[in-house]
Amino acid sequence: MSYNVNSKGYYGDFGGAYIPEMLYPNVEELRQNYLKVMTEPSFINAFNALLKDYVGRPSPLYFAKRLSEKYNTKIYLKREDLNHTGAHKINNTIGQILMAQRLGKKRIIAETGAGQHGVATATVCALMGLECIVYMGAVDIERQAPNVARMKMLGATVIPANSGSKTLKDATNEAIRDWINNPVNTYYIIGSVVGPHPYPDMVARFQAVVSEEMQWQLQEKEGRKDPDYVIACVGGGSNAAGAFYHYLDTPKVKLIAAEAAGLGVHSGESAATSILGKEGIIHGSKTLLMQTPDGQITEPYSISAGLDYPGVGPMHANLYKTKRAEFIAITDDQAMEAGLELSMLEGIIPAIESSHALAVFKQKTFKTDDVIVLSLSGRGDKDLDTYSKHFKL
Amino acid sequence: MNRIQTKLKEDKKLLSIYFSAGYPSVNDTVEIIQELESNGVDMIEIGLPFSDPLADGPTIQESSTQALKNGMTSELLFQQLQSIRASVSIPLIIMGYFNPILQYGVEAFCKACQEVGIDGLIIPDLPVDVYDENYKHLFKKYGIINVFLITPQTSQERIRYIDSISEGFIYMVSSASVTGSSSGFQTEQTDYFKRVANMELQAPQIVGFGISNQETFKQATQHTKGAIIGSAFIKHLSANGIKNIDTFVNTILH
């Protein structure tokens with residue numbers, strides 16, 4: 001049994017393409033072409049060249065000595081925070097902008113929550129000279145002003161989503177509506193392993209460079225390519241998908257997904273989708289999502305804007321259901337503590353998303369000789385305000 | 001024969017009206033249906049509100065959000081429709097997104113539809129092939145007709161496939177858009193209506209999206225069996241409440 005996508009676009013019971021007929025031609029065009037395009041040598045070369053010279057890959061695999069001493073185990077950090085634009089998001093947008101070019105699309109749309117994916121999309125659009133429209137919830141525009149400014153400076157048009165709760169899920173709805181209204185010339189760069197097939201698989205493949213590098217980097221440092229554990233945070237799940245990808249079908253490598261529990265899993269202010277979610281359809285994909293008994297999608301909460309999505313990618317829903325990955329819920333406070341701890345011990349200020357992954361060390365005990373790779377998905381510059389307020393710095 | 005099929009055999013252009021159940025007030029559903037029928041509307045689409053209506057423009061989104069705030073649910077809708085067939089005889093269709101139906105249970109939903117006298121369903125985000133493979137037998141078991149959408153971008157081949165599994169009509173989306181976004185038809189659209197008419201499909205076509213008044217109704221039905229008005233009627237409800245529904249319908253038909 002494989003934990004990868006099957007030929008029909010499903011991970012076990014999850015995935016598929018539950019889209020209105022208006023989107024069918026666009027999604028079908030992508031489905032028929034994405035694997036063919038991604039395996040063309042010219043595409044691979046262009047993708048790798050940009051990852052190397054523009055993004056700055058490979059990202060280091062750093063042995064965190066003091067953190068390891070503290071938890072009496074061996075911890076490596078995969079430094080996605082050192083990428084251009086400050087997170088793993090750029091791996092995917094580089095891949096998808098090349099895909100959009102191959103498909104002859106001139107106009108790029110994207111959704112964004114905290115603004116990280118929006119910035120990564122605006123960046124590659126500037127690089128390629130393509131028109132860029134980013135949908136962002138009106139509430140998020142208010143609370144993420146620096147990223148809005150970055151997108152504008154990069155030449156993107158930021159359109160507020162004023163429907164529903166005015167956050168990420170509504171920005172995604174608006175981006176999908178834009179795509180319905182502009183079916184011919186527009187390409188939609190989705191920012192996570194969510195949405196209709198083939199998006200979850202395509203985004204996972206673009207992010208897979210993370211675990212591909214982990215394998216040879218660990219070989220160099222430890223003489224083995226397989227760690228005992230891989231830890232990553234999960235909102236929609238693109239960073240975890242990249243970190244897990246090449247280990248999915250290697251059962252001896254244990255996978256841990258850190259979910260945002262907000263103020264507590266059962267506090268009513270949480271984004272712990274695996275525990276609180278039920279099977280359903282969100283943004284074109286069958287997966288686990290937070291909803292009312294009547295099937296209305298509910299609003300999640302997390303201190304981390306990058307993790308408060310009411311669903312989770314179908315790959316992760318399947319990893320949860322089959323118990324291939326262990327899901328650990330981390331509260332706001334636990335994450336913030338872990339973020340501060342890494343800053344103090346290693347001189348690295350992590351994004352609050354990544355702090356959720358780091359908080360796993362207080363929840364679970366590892367053996368002294370365990371080799372653990374943790375995906376440090378982003379840097380904390382964007383979160384300084386939140387950290388400062390939380391710790392009254 | 002299902003009421004939709006009987007209605008499609010009538011020798012006239014059909015006017016179908018869409019509204020969101022539970023809007024403007026939660027208990028308006030039945031009265032709106034009765035008013036529409038008594039003023040000569042041929043078919044009604046009752047919108048089951050959803051928190052995230054991807055294919056809808058602002059007007060229907062807002063009515064949907066308001067209906068949810070008013071407390072509308074699938075369960076409540078079926079309760080309201082319990083004795084609808086004592087007073088209403090035109091075809092009734094529920095239009096809703098797939099997730100609420102999935103949570104209710106697809107079979108339970110079809111059964112509830114049959115019990116209250118709903119004739120068909122339109123589920124924009126249930127793909128044709130998924131329906132064909134997994135759910136068709138349930139719809140047939142309870143005598144519910146599923147209505148599929150086509151758009152100007154739908155290929156001839158796919159239109160043929162959709163026609164082959166359509167038992168009622170084909171919902172022809174007039175242009176590449178969400179609901180309520182265009183006004184008036186261009187030659188591009190009339191060409192598309194003609195192109196599909198020339199395919200001589202077994203299922204009649206009814207046009208939706210972009211029909212708001214008598215003029216667009218006439219344009220849309222020149223080459224098709226009928227047309228659906230949604231956003232324009234919801235705007236009427238929003239401005240007038242459930243009063244003057246007769247005036248609204250009359251300005252379309254006469």
Side-chain angles (χ1 to χ4, degrees), chain A residues 8-10 13 15-29 161-166 168-186 195-197 278-287 289-299 310-311, chain B residues 48-58 61-62 64-65 67-68 71-77 96-105 109 122-131 133-134 148-155 158-159 162 170-173 175-179 181-182 209:
Chain A
K8 287 184 152 182
Y10 283 84
D13 297 334
Y18 293 80
I19 46 167
E21 189 62 30
M22 292 82 108
L23 285 179
Y24 180 83
N26 304 22
V27 172
E28 183 61 12
E29 179 187 27
N162 284 309
S163 56
S165 53
K166 306 181 190 276
L168 175 60
K169 116 184 138 65
D170 311 286
T172 309
N173 292 340
E174 290 303 329
I176 292 175
R177 288 182 187 118
D178 180 309
W179 211 20
I180 288 175
N181 287 324
N182 299 284
V184 181
N185 67 341
T186 298
H197 177 68
K278 280 200 327 180
E279 226 172 285
I281 310 286
I282 182 170
H283 299 138
S285 180
K286 186 183 265 186
T287 187
L289 63 125
M290 290 165 56
Q291 52 184 314
T292 66
D294 193 45
Q296 309 299 336
I297 300 173
T298 53
E299 246 333 273
Chain B
L48 180 68
F50 182 47
S51 54
D52 295 77
L54 289 181
D56 287 300
Q61 282 173 48
E62 278 158 30
S64 191
T65 306
L68 290 173
M72 184 45 75
T73 63
S74 307
E75 195 70 61
L76 180 58
L77 178 59
Y97 289 83
F98 194 38
N99 196 51
I101 297 171
L102 202 58
Q103 299 315 313
Y104 196 92
F109 198 91
I122 305 173
I123 311 171
D125 59 343
L126 173 61
V128 189
D129 52 326
V130 177
Y131 163 79
E133 215 169 289
N134 303 319
F148 304 104
L149 277 57
I150 62 170
T151 80
Q153 273 73 40
T154 310
S155 68
R158 192 162 166 86
I159 293 176
I162 288 171
I170 290 176
Y171 190 131
M172 203 170 172
V173 176
S175 60
S177 72
V178 294
T179 53
S181 40
S182 62
F209 293 41

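For the numbers below, each heavy atom of this structure counts, side chains included, while hydrogens, waters and symmetry mates do not. Below, chain A is the first sequence line, B the second, and so on; all start at residue 1.
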Quiz prompt | Largest heavy-atom contact set with chain A, pairs under 4.5 Å, which of B:Ile150, B:Leu68, B:Thr154 | solution = B:Leu68
Quiz item: Based on non-hydrogen pairs under 4.5 Å, which of A:Ile180, A:Asp170, A:Thr292 is most in contact with chain B?
Solution: A:Ile180
Quiz item: For B:Leu102, is it the side chain, the backbone, both or neither that has a heavy atom under 4.5 Å from a heavy atom of chain A?
Solution: side chain
Self-check item: Proximal component of A:Leu289, with respect to chain B [non-hydrogen, under 4.5 Å]
Solution: side chain
Quiz item: Do B:Met72 and B:Leu77 have side chains that get closer than 4.5 Å, going by heavy atoms?
Solution: yes
Self-check item: Non-hydrogen side-chain atoms of B:Val173 and A:Glu21 separated by less than 4.5 Å
Solution: no
Quiz item: Looking at B:Thr65, B:Asp52, B:Thr151, which makes the most heavy-atom pairs under 4.5 Å with chain A?
Solution: B:Asp52
Quiz item: Tell me, side chain or backbone of B:Thr73 under 4.5 Å from chain A's heavy atoms, or both, or neither?
Solution: both
Quiz item: What option among B:Glu62, B:Glu75, B:Arg158 has the most heavy-atom pairs under 4.5 Å with chain A?
Solution: B:Arg158
Quiz prompt | Taking every non-hydrogen atom, the tightest pair across A:His283 and B:Leu54 | solution = CD2-CD2, 4.4 Å
Exercise. Taking atom types as modelled, find out whether B:Asp56 and B:Tyr97 have a side-chain donor-acceptor pair closer than 3.5 angstrom.
Key: yes
Practice problem: Check each atom of B:Gln153 against the heavy atoms of chain A and say whether the ones under 4.5 Å are side chain, backbone, both or neither. | Solution: both
Quiz item: What closest approach, in Å, do A:Ser165 and A:Glu299 show between heavy atoms, and which atom pair accounts for it?
Solution: OG-OE2, 2.7 Å
Self-check item: Which atoms of A:Tyr18 approach chain B - backbone, side chain, both or neither, heavy atom under 4.5 Å
Solution: both
Quiz item: Any side-chain heavy atom of B:Ile162 within less than 4.5 Å of one from B:Leu149?
Solution: no
Practice problem: Taking the side chain as every heavy atom from C-beta outward, state whether A:Tyr10 and A:His197 have any atom pair closer than 4.5 Å. | Solution: no
Quiz prompt | A:Gly295 to B:Asn99 - nearest heavy-atom pair and separation | solution = O-ND2, 3.0 Å
Quiz item: So which part of A:Ile297 gets closer than 4.5 Å to some heavy atom of chain B, the side chain, the backbone, both or neither?
Solution: both
Quiz item: Does the pair A:Lys8/B:Glu133 count as a salt bridge with the N-to-O cut at 4.0 Å?
Solution: yes
Quiz item: Under a 4.5 Å heavy-atom cut-off, does chain A meet the side chain of B:Ile123, its backbone, both or neither?
Solution: neither
Quiz item: For B:Phe50, is it the side chain, the backbone, both or neither that has a heavy atom under 4.5 Å from a heavy atom of chain A?
Solution: both
Self-check item: Atom group of B:Pro152 that falls short of 4.5 Å from chain A, counting heavy atoms
Solution: neither
Quiz item: For A:Gln291, is it the side chain, the backbone, both or neither that has a heavy atom under 4.5 Å from a heavy atom of chain B?
Solution: side chain
Quiz item: In terms of heavy-atom proximity below 4.5 Å to chain B, should A:Pro196 be classed as side chain, backbone, both, or neither?
Solution: neither
Quiz prompt | Atom of B:Pro127, atom of A:Ile19 and distance for their closest heavy-atom approach | solution = CG-N, 4.1 Å
Quiz item: Top residue by heavy-atom pair count (under 4.5 Å) with chain B, among A:Glu174, A:Lys169, A:Lys278?
Solution: A:Lys169
